[in-house]
Structure formats: structure tokens, C-alpha cells
J.: 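Input: one structure, supplied below.
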There are 2 protein chains.
Amino acid sequence: MTTPRKPPTMADVARVAGVSPMTVSRAFKQDTSVSEATRGAILKVAEDLGYVFDSTASNLRSQRTNFVAVTIPSINNANFADTVGGLSDGLKERGLQILLGYTNYDIVEEERLIEQLLRRRPEAIVVTGGRHTERARRLLENAGIPVIETWDLPEAPLGHVVGFSNADAVRGMVDHFVARGVTRIAFIGGDADRDTRGTDRRSGFIAAMRAHGLDASRLIAAGAPPISMREGADAMGRLLDSLPDTQAVICVSDLSAFGALTECQRRGVDVPGRISIAGFGDYEIGAVSVPTLTTINPFPRDIGARAAGLIVDLFSGAQTDPARIEIEPELLVRGSSV
Amino acid sequence: MTTPRKPPTMADVARVAGVSPMTVSRAFKQDTSVSEATRGAILKVAEDLGYVFDSTASNLRSQRTNFVAVTIPSINNANFADTVGGLSDGLKERGLQILLGYTNYDIVEEERLIEQLLRRRPEAIVVTGGRHTERARRLLENAGIPVIETWDLPEAPLGHVVGFSNADAVRGMVDHFVARGVTRIAFIGGDADRDTRGTDRRSGFIAAMRAHGLDASRLIAAGAPPISMREGADAMGRLLDSLPDTQAVICVSDLSAFGALTECQRRGVDVPGRISIAGFGDYEIGAVSVPTLTTINPFPRDIGARAAGLIVDLFSGAQTDPARIEIEPELLVRGSSV
DNA sequence: ACAGTGTTTGTTATCGATAACATAAACGGG
DNA sequence: CCCGTTTATGTTATCGATAACAAACACTGT
């Protein structure tokens, strides 16, 4: 049986290659002055010895971790996954790695998560949303690294912002319906304030309806956010039972909108003939379902890509002032609405 | 303007609190011998100074990172997200944090990712699938940490396994159809071997059909894995055009199965009256769509939870031999099949 | 031939927490 | 009241890479 030897260090590689540890260190970096011959020889020795570079030591000495911390409400959400994908791809070239955590749509959990992430000494942190606990705000402000809030346009940003107004986006949807003469409009969303983006969308709905002088009381609470397809279907059932003259329903997400659509199908309610349905997020399902779903595309991948670009610019010195990058969501009118 | 001071260290906290740095270190750990009075005082000073524990130094000295590395094919996939969720929750209590990366269904990319992750010195690594490059295998074997392969039952495992046979699962589905007298069955999947689980499912389909003496040539390639709803719909279109007498189609995932279903709806093809459709993965959409989708539930969250439990047992010494935990997928017969 | 410039390599001290060891204070039973 | 035991704290050296500084070497133009 083989003794579980201690893994080789740079010093071991240096000894075998006949150079100083410093030269080995340089050989593992880019754009450092080591002759190609030496570098090649060193990397070969390293591979033969099974040496794997130890970031933990490098991180401490150089005070650089190459980590970018990212918090998202849920890992199981195609929109946030897209944002992380955009971030990840944009940061990969600069050798930056994402340290991901999820908050379960809970700002207390977010505070815990932020502290845990900051302990790893990330070089920047990207958070979803603009609402945080007092302590979380303090932690972020004192961290001494760029802070980017996304998916929102906070009134008092902590640093940089890459987002859009959830309320305005829904307002545009309401305006669209009203312009077509649709006035009895309902909103299906979560029943708690935990999902701040969902809450903002509902507020936008209410404000827009009132601005048109319309009844903004057709609000269906569908359960704890994030609400699922199933919950969207249940909510639609309750809506059809209680307010059967509703002409259109705006759902907090495409997932709940699809659930609502299926409930109509089960009941033989024609969409969009008898009722129009709209979602939010431009999930793939909305482009494929029968009928396709009217929705809003907030360009989640772009949010991540722009945040990544911002971080790169900040590190290269090309950007210094707090940035406020506003994404313009796009209204997609499709088959589920008149 | 405030000078960007250097962030405080443990030594700073110790000085202000009037104790040694070692005592501060102990105060930040659990189950260490510090009087409650001292600990309270130290934590208060730390909070006042805005001190945040520095893991990078701790990691180096203690040779423990509390990282568990995890590789998944795609971040944007509800099944893998569930596995990560199960892992994350199971590890959280032990203070272990997930270091996540995705491979894009590419084993060359996986090799790069594995090396990058190992540089961070994780204490265990969980990979999706059992097929790896030679170098990736060597890296994993030499890492000196527990290796867990998931979502598969490799013939030559690297270490521990938490998975199931994709081929056998699809075989069960074929058997189900054949038992009902359905014999002209097609398979819709990706057109490359990159997605090894998809390939295994197709192999299982072919083997099962042959075992029944049936024609196994109704194979539709729908594009590069992972195939989307849209690609599932396109593939269904081609299937209906080229082999209109097909009685049932098994899709590599619920997403493509749903796409296939919508194509039937657009064409007025009755499901399951004229053709049955089955998926894989038990995504939420299959439980909500009209009709609901026959599928296979491989319990993705359990895979993650069992892997987490295994890691905890390994660290506590309760488990020493290589484990092989087999998950039993469940066939869910629903509205989309006869 | 030689100062001046650029390239390649080496030496030393250090990043910030903690393992290992040592010691002082508190406790408890006969 | 004393010694063995537990509890609470301190001291010193160290994890493994690299920043900062230094120096040897090669080349270039006059």
C-alpha cells in the first residue's frame, strides 16, 4: 500500500528543476519574465510531480483571491442562472472565479451569506436587489471592494448598479393593455414581501392602474415567493372563480403565467379569447407554449455581462466613479394576449 | 474624505480587547475554551472595529478550506440545480461551502475546471458523471481528497458514487410501453456524445428495443446537447413528417418532451390519442402541462443530499470504504402516454 | 570598449491566522 | 489544605507562495 505522501509544493518543484522557488512562481504566472525554455522545463517537472498550484498561499501573500462573490435569490431560476452565466463568462478571461451563494429570497439569510462570502476576501461582490439589512449594508460598505447591485435600481445604491425598474416594466405592460381597451386587469404574485422584485412589480401594477383611473384591487396572492407553475395555476383558478369578468392577468413571472395558462386550458377557458395572460422574464417556456406568452425580457444575461464588464473596467482603472447602468426591458407581445 | 485604511486584523482586535491574538482566534471558533465573558467582549470589539474574519490566512495555516468543489454540466438546469441545493443544504450545517463550476457538457472543459478548483484546495470534490479525460482522472486521483461521481454508475469509479443507471431507467420506460402493446417507439435526443447521460439514455433505449426484438432505428437527433424545448419541438416536427406511424416517443428530457408536445398541439396531433410522449427528469413543467408528462424522476435533490451525507460521514470517520449509493429512479406514468 | 538598457534569475521577509506547546488560574475531593 | 484535574489564556513557529529588492547577464549603439 502506498503511503499518503504530502503533496508537493513549489519548493519541491524548484529543487527538482534546479531553480529557485521564485522562478517556479513566475513560471506559473502570465506575462512574467521567465525564459520560455525555463518555463517549459519547470511546467514539465510540475506535471511529473503531480504538483497543483496552491491558491490558498498565493491568496494570502498577494492579498488577491481572484474571487468575485455573487449572491442570487435562488440557484433554481433560469433568469438568475443567465445572469450568473453572463458574469462568469465575462470574468473568466481575466482569471476571475465566481463564488456563488443563494439567499432564498430572504435578506436576513443574505446578511449571513454576505458575511460568509466576505471572509473569503473576494475582490468584488455582486448582489441581487437593492434591499438589505442594516448590518449587510455596513458590511458591504466597509469591505473596501466594488459592490454592484443588480436587477433593481435602488434609490440609495451602495456603489454600482446594473439593473432596471421592475415597477416601470410592469407599468409598460399595463399601458399596453389599456391602449388596447383592456381595463379589468388582475395581478398574480407572491403573498409576502420577501421577493422585493416581485413586490416592486406589484407596486408598479397598482400605480399604473391608478394612473389610468382603473381598479387596482384584483390582486391574487399565490403563496410564498418564488411562486411556482402550480401556484400560478391555483391562483388562476381562484381568479376565475371570484372575478370571472377579468379581461387580462399579469403574472409575476413566466412560470406562474404558464401555470395560469394551463388552468385555463383545463377549464376550457380560451386564451386570449376570453382572458389575456402575461408573464415576466422571457423564460424559454413562453416562447414555446401554445399559445406563446406575452412577457417582458429584462435581458438577464446582459445584466451579468455588463456587471462583469464593469468589474473588469474597475480593475483596469478605466472606470472610477460609481456606475449606474440601466437596462431597458423589452415588452414582447405574443399569442397569450389580444 | 476618508483615507481608505487597511482593514483590521485579528491582532488589532486582540490589542483593543486586551487579549492575545490566539484568544481572539479561539473566540471566533466553536467549541473552544474561551470564557463566555471574554468571547462576548472580543466579538463586540470585532464588530465595532468592523473586523471580518480572514479565511485566506486561516486556510493556509490550518490546511483546511471548508470548500467542497462541485462541477455540473450547466448552471441553467433545474435537475442539477436541485442536486446542488441538496448538497448545499447538507453541507451548510458542517460549515462547508460549495465552490461551484460548470463544464458546458464538455469533458475537456471539465478538466480545466477541475484543475482550477483543486488549486483552491477543496476538502472534497463532487463531479457530475463518470467520464473524464485521462488527465482529469489523474488530477482527481492524486488530489488526496474524497471524490464523488454522481448522476451515473461508472464501471471504474474514481472513488465514491451516488447515482443511477440512465440506461436502465430508459429501459424501464420502454418495457412499460411494450407491456401496453406500443411497439413503434422513437427517441429524441442530442446529436453529439458530449452529454454522456443523454448518450446513455439513448443506448438504453436501443438496447431495450432490441431486447424486445423491436426496431430501434427511430432516433431523432435534435442538436447539440443540452437540447431545448424549441429543439424538442423541431425534432417532433421531423418525426411526424418522416415516421408518421410512430406510436410513442421518449425524449431525453422533460424540456424537449414539452417542446415535442407543443408541436403536436400546433399540428392538431392528439396526445396521447395518436402519439404518446415521455420525458426524463420530472421537471415541474411535466406535472403542470396539459396533458401532464410521463417521465422518470431520478431524485436529483436526493443525489445531492446523499453526497453531502457521505462527505459528512467521511469527515467524521463514520465511513471509510468507497461508497456506491444507488438511487432508484421512479417511473411516473401521466397524461401524455396511454 | 563601455555606459546604458532590458532580460532573466535569486534572496529575504512577509501576508494573517492557528497548531502545538506551555502555563497560570480555578476547582474539587479526601 | 494540598495535589490532581480541568479550564482559560499566552508564546512561538509555521502554512506556501510572492512582493520588493538586488544582482548577474546579454545586447545595443557610439
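To find a chain, count down the sequence lines: A is the first, B the second, and so on, and within it residues start at 1. As the structure is a prediction and not an experimental result, all values here were calculated from the model.
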J.: Listed by chain and number, what are the side chain to side chain contact (heavy atoms under 4.5 Å, CB included) partners of Lys44(B), not counting sequence neighbours?
T.: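 Listed in chain order: Asp48(B).
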
J.: Would you mind listing every salt bridge (charged side-chain N to carboxylate O under 4.0 Å, His left out) that reaches into residues 61-90 of chain A, with sequence neighbours excluded?
T.: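 The answer is Arg64(A)-Glu123(A), Asp89(A)-Lys92(A), Asp89(A)-Arg301(A).
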
J.: According to salt bridge (charged side-chain N to carboxylate O under 4.0 Å, His left out), does anything in residues 108-118 of chain A pair up with another residue at least two apart or in another chain? List the pairs.
T.: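 Qualifying pairs: Glu109(A)-Arg112(A), Glu111(A)-Arg135(A), Glu115(A)-Arg135(A).
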
J.: Using the test side chain to side chain contact (heavy atoms under 4.5 Å, CB included), find all partners of Ala41(B) that sit at least two apart in sequence or belong to another chain.
T.: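 Testing Ala41(B) for side chain to side chain contact (heavy atoms under 4.5 Å, CB included), a comparison that skips the adjacent residues, returns none.
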
J.: Answer with base, sugar-phosphate or nothing: what part of the nucleic acid does Phe28(B) contact at a heavy-atom distance below 4.0 Å?
T.: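 Here Phe28(B) touches no strand at all.
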
J.: Quick test of your reading of the model: are Asp54(B) and Arg121(A) salt-bridged, counting only N-O distances below 4.0 Å?
T.: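 Arg121(A) and Asp54(B): salt-bridged.
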
J.: Give me the distances for all protein-to-nucleotides 23-27 of chain D N/O pairs that come in under 3.5 Å?
T.:
none

J.: Which atom pairs, one a donor and one an acceptor, fall under 3.5 Å between side chains of residues 136-143 of chain B and the rest of the protein, sequence neighbours left out?
T.:
unit_1    : atom_1 : unit_2    : atom_2 : d
Arg137(B) : NH2    : Ala156(B) : O      : 3.0
Asn142(B) : ND2    : Arg138(B) : O      : 3.4

J.: Using the heavy-atom set of chain A and a strict 4.0 Å cut-off, write down the first and last nucleotide of DNA chain C that makes it in, 5' to 3'.
T.: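 Terminal contacting nucleotides, 5' to 3': dT8(C) to dG16(C).
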
J.: Got a sec, which residues hit salt bridge (Lys or Arg N to Asp or Glu O under 4.0 Å) with Asp106(A), two or more places apart in sequence or on another chain?
T.: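 Scan of Asp106(A) (salt bridge (Lys or Arg N to Asp or Glu O under 4.0 Å), adjacent residues dropped) gives none.
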
J.: Kindly write out the residues that satisfy side-chain hydrogen bond (donor to acceptor under 3.5 Å, both in side chains) with Thr38(A), not counting sequence neighbours, or none if the list is empty.
T.: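 In terms of side-chain hydrogen bond (donor to acceptor under 3.5 Å, both in side chains), with neighbours along the sequence ignored, Thr38(A) is linked to Ser35(A).
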
J.: How would you list all residue pairs meeting salt bridge (charged side-chain N to carboxylate O under 4.0 Å, His left out) that involve residues 32-41 of chain B, not counting sequence neighbours?
T.: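 Listed once each, the pairs are Glu36(B)-Arg39(B).
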
J.: Between N or O atoms, less than 3.5 Å apart, protein on one side and nucleotides 8-11 of chain D on the other: list the pairs.
T.:
unit_1  : atom_1 : unit_2   : atom_2 : d
dT9(D)  : OP1    : Thr38(B) : OG1    : 2.8
dT9(D)  : OP2    : Ser35(B) : N      : 3.0
dT9(D)  : OP2    : Thr38(B) : OG1    : 3.4
dG10(D) : OP2    : Ser20(B) : N      : 2.8
dG10(D) : OP2    : Ser20(B) : OG     : 2.9
dG10(D) : OP2    : Thr23(B) : OG1    : 2.5
dG10(D) : N7     : Arg26(B) : NH1    : 3.3
dG10(D) : O6     : Arg26(B) : NH2    : 2.6

J.: Enumerate the residue pairs fulfilling ring pair (Phe, Tyr, Trp, His ring centres under 6.0 Å) with a member in residues 77-123 of chain B, sequence neighbours excluded, ordered by first and then second residue.
T.: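 Qualifying pairs: Phe80(B)-Trp151(B).
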
